[in-house]
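Since the structure comes first, as structure tokens, the remarks are kept for the end.
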Amino acid sequence: MKIAVLGAGSWGTVFAKVLADAGGDVTMWGRRTDVVDAINQTRRNPDYLPDTTLPERLSATTDVAEALDGAPYIVLAVPAQTLRANLQEWRPLIGGDAVLVSLMKGIELGTCKRMSEVIREVAGVPEERVAVISGPNLAREIALEQPSAAVVACTDEPTAQKLQLACMTPYFRAYTNPDVVGCELGGAVKNVIALAVGISVGMGMGDNVRALLMTRGLAEIARLGAALGADQHTFAGLAGMGDLVATCGSPLSRNRTFGENLGRGMSLDEVIAVTKQTAEGVKSCDAVLELARRHHVEMPITEGIVAVMHGGLSPVEAGRLLMSRTPKPERYGV
């Protein structure tokens, strides 16, 4: 089976490796000629995974038409805020029966739409042809073939099962879930919570603070999910708690690392300058908060992160505001 992966960053490259190791013939599209040439000639992605040897069944191209030609599965691994513009350009090349698979974990600025919603709108495909991959998927660990798992979310169970089989390897296990909304919200909002956890780590705070932010962060995700019709059980699984734990707990996490640098006293511009990969939570936090407000959902941690990232509030001030809020009963989802 031919599979196209559009995006040659770390997660796009690693998932392309997973698909090739599972038996697929994978063509990866990248915008930079030097990266594409290196993948084809040296079997390595020098910018993101220089120490990982890529399978022979994986090739790369700068020609998106070549990557998409005849591919029944199209995996989208571009930054969330560039998806709409890219899809508008690629739409004429997408086959009539192709399944579009999102690896992206963000909410679109302005529209507050999830990535699957953007895909359906721009590509003009029904929901049964859109799938989402989510879970605790730190790219470097999967590149080392350490045991990992993810959720394949699609409203159409046969489509989810076929995609599940297409990415199963001895080191990568996939589960299916029809709850696309819950899986996407878990993946997008956990990035915002990881920024908060990273800030606390950078400020020298300990495990109590991390536990506080992660558990109350999970409550924020669950509240928003309930308002949007997600299955609450999703947030107790890989695409909810699992992804949150990995992203908040690992120094390999882009969002946590971004937050750590802020917590150590670097300015936002300084952190952006030294960050080589996209930290989706930095931009998506605005859209997450706006989505919550549209549905009258309270998300104080997210609100604090937006104020730090885009409102000029210092991390210390944000922490004080969070701790001075009126206390409420502690119940699941409250």
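Starting from 1, each residue takes its place in the sequence as its number. Computation of the quantities below employed the complete heavy-atom set of this structure, encompassing side-chain atoms and omitting hydrogens, waters and symmetry-equivalent molecules.
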#### Entry: Within one Ile-Leu-Val-Met-Phe-Trp-Tyr cluster: Ile74 and Met115, side-chain cutoff 4.5 Å
yes
## Note on the structure
Output for pair (Thr302 OG1, Ile221 CD1), nearest 0.5 Å, gives 8.0 Å
#### Entry: Residue of the set Leu54, Asp47, Val35 for which side-chain contact (heavy atoms from CB on, under 4.5 Å) holds with Thr13
Leu54
### Task
Scan for side-chain hydrogen bond (donor to acceptor under 3.5 Å, both in side chains) pairs involving residues 195-210, sequence neighbours excluded, and state none if there are none.
Asp207-Arg210
### Query
Is the closest basic N to carboxylate O distance between Asp25 and Arg57 below 4.0 Å?
yes
### Side-chain donor/acceptor of Thr257 to backbone N/O of Pro251, under 3.5 Å
yes
### Message
Would Thr234 and Asp179 count as a side chain to side chain donor-acceptor pair (under 3.5 Å) here? Give the steps.
### Response
CA-CA 7 Å; Thr234 296; Asp179 182 20; 2.6 Å; yes
### Query
Should Trp11 and Ile142 count as side-chain neighbours, where that means a heavy-atom distance under 4.5 Å?
yes
### Query
Out of Glu157, Lys162, Gln164, which residue meets the side-chain hydrogen bond (donor to acceptor under 3.5 Å, both in side chains) rule with Thr176?
Glu157
### Message
Would you say that more than 12 heavy atoms from the other residues, nucleotides or ligands in this model lie under 6.0 Å from the CZ of Arg31, or not?
### Response
no
### Message
The test is side chain to side chain contact (heavy atoms under 4.5 Å, CB included); show your working for Leu195 and Val308 and say whether it passes.
### Response
CA-CA 10 Å; Leu195 289 168; Val308 170; over 6 Å; no
### Message
Are Glu117 and Thr111 packed together at the side-chain level, in the sense that at least one heavy-atom pair is separated by less than 4.5 angstrom?
### Response
no
Show me, pair by pair, the donor-acceptor contacts under 3.5 angstrom made by side chains of residues 89-103, not counting sequence neighbours?
unit_1: Arg91; atom_1: NH1; unit_2: Val122; atom_2: O; d: 3.1
unit_1: Ser102; atom_1: OG; unit_2: Met104; atom_2: N; d: 3.2

### Query
Distance-only, no hydrogens or angles: does the Arg114 side chain make a donor-acceptor pair with backbone N or O of Leu185 under 3.5 Å?
no
### Query
Short question: side chain of Glu108, backbone of Val118 - any donor-acceptor pair under 3.5 Å?
no
### Message
Under a plain distance cut-off of 3.5 Å, with no hydrogens placed, do Asp37 and Thr33 share a side-chain donor-acceptor pair?
### Response
no
### Message
Checking the side chain of Ser134 only, and the main-chain atoms of Glu184 only, is there a donor and an acceptor separated by less than 3.5 Å?
### Response
no
### Query
Do Ser250 side-chain atoms and Ala246 backbone N/O form a donor-acceptor pair below 3.5 Å?
no
### Donor-acceptor contact present, side-chain Glu260 to main-chain Asn255, <3.5 Å
no
### Task
Could you tell me the separation between the CG atom of Leu213 and the CD1 atom of Ile199, rounded to the nearest 0.5 Å?
9.0 Å
### Query
Any side-chain heavy atom of Met309 within less than 4.5 Å of one from Asp286?
no
### Query
Considering all heavy atoms of both residues, which atom of Val26 and which atom of Leu19 are nearest to each other, and what is their separation?
CG2-CB, 3.7 Å
### Query
Just by distance, with hydrogens left out, do Thr169 and Asp21 show a side-chain donor and acceptor under 3.5 Å apart?
no
### Task
Mind listing the closest non-hydrogen atom pair of Thr247 and Ser253 along with its distance?
O-OG, 2.9 Å
### Query
Distance only, no hydrogens: is a donor on one side chain within 3.5 Å (strictly under) of an acceptor on the other, for Arg44 and Thr53?
yes
### Message
Would you say that more than 12 heavy atoms from the other residues, nucleotides or ligands in this model lie under 6.0 Å from the CZ of Arg140, or not?
### Response
no
### Message
Donor-acceptor check, side chain of Lys283 to backbone of Ala80, threshold 3.5 angstrom: yes or no?
### Response
no
### Shortest non-hydrogen contact from Ala60 toward Ile39
CB-CG2, 3.9 Å
### Message
Main chain of Val152, side chain of Asn177: is a donor-acceptor contact present, judged purely on distance under 3.5 Å?
### Response
no
### Matching residue for Glu298 among Arg325, Arg216, Arg223 - test: salt bridge (charged side-chain N to carboxylate O under 4.0 Å, His left out)
Arg325
### Task
Could you tell me which non-hydrogen atom of Arg120 sits nearest to which non-hydrogen atom of Val130, and how far apart they are?
CG-CG2, 3.5 Å
### Query
Does the Thr215 side chain pair with the main chain of Leu212, one donor and one acceptor, at a distance under 3.5 Å?
yes
### Arg264 and Glu270: CA distance, side-chain angles, deciding distance, salt bridge (Lys or Arg N to Asp or Glu O under 4.0 Å) verdict
CA-CA 11 Å; Arg264 293 189 183 105; Glu270 288 172 335; over 6 Å; no
## Note on the structure
Ala22 and Met168 have their tightest heavy-atom pair at CB-O, 3.5 Å
### Query
Does the side chain of Phe258 reach to within under 4.5 Å of the side chain of Ile272, using non-hydrogen atoms?
yes
### Query
Do you know which two heavy atoms are closest between Tyr73 and Leu163, and how far apart they sit?
OH-N, 3.9 Å
### Query
Would you say the side-chain atoms of Arg256 pair up with the backbone N or O of Cys248, donor to acceptor, closer than 3.5 Å?
yes
### Task
Would you mind listing the cluster partners of Val151? Hydrophobic ones only (ILVMFWY), side-chain contacts under 4.5 Å, chaining allowed.
Tyr175, Leu238
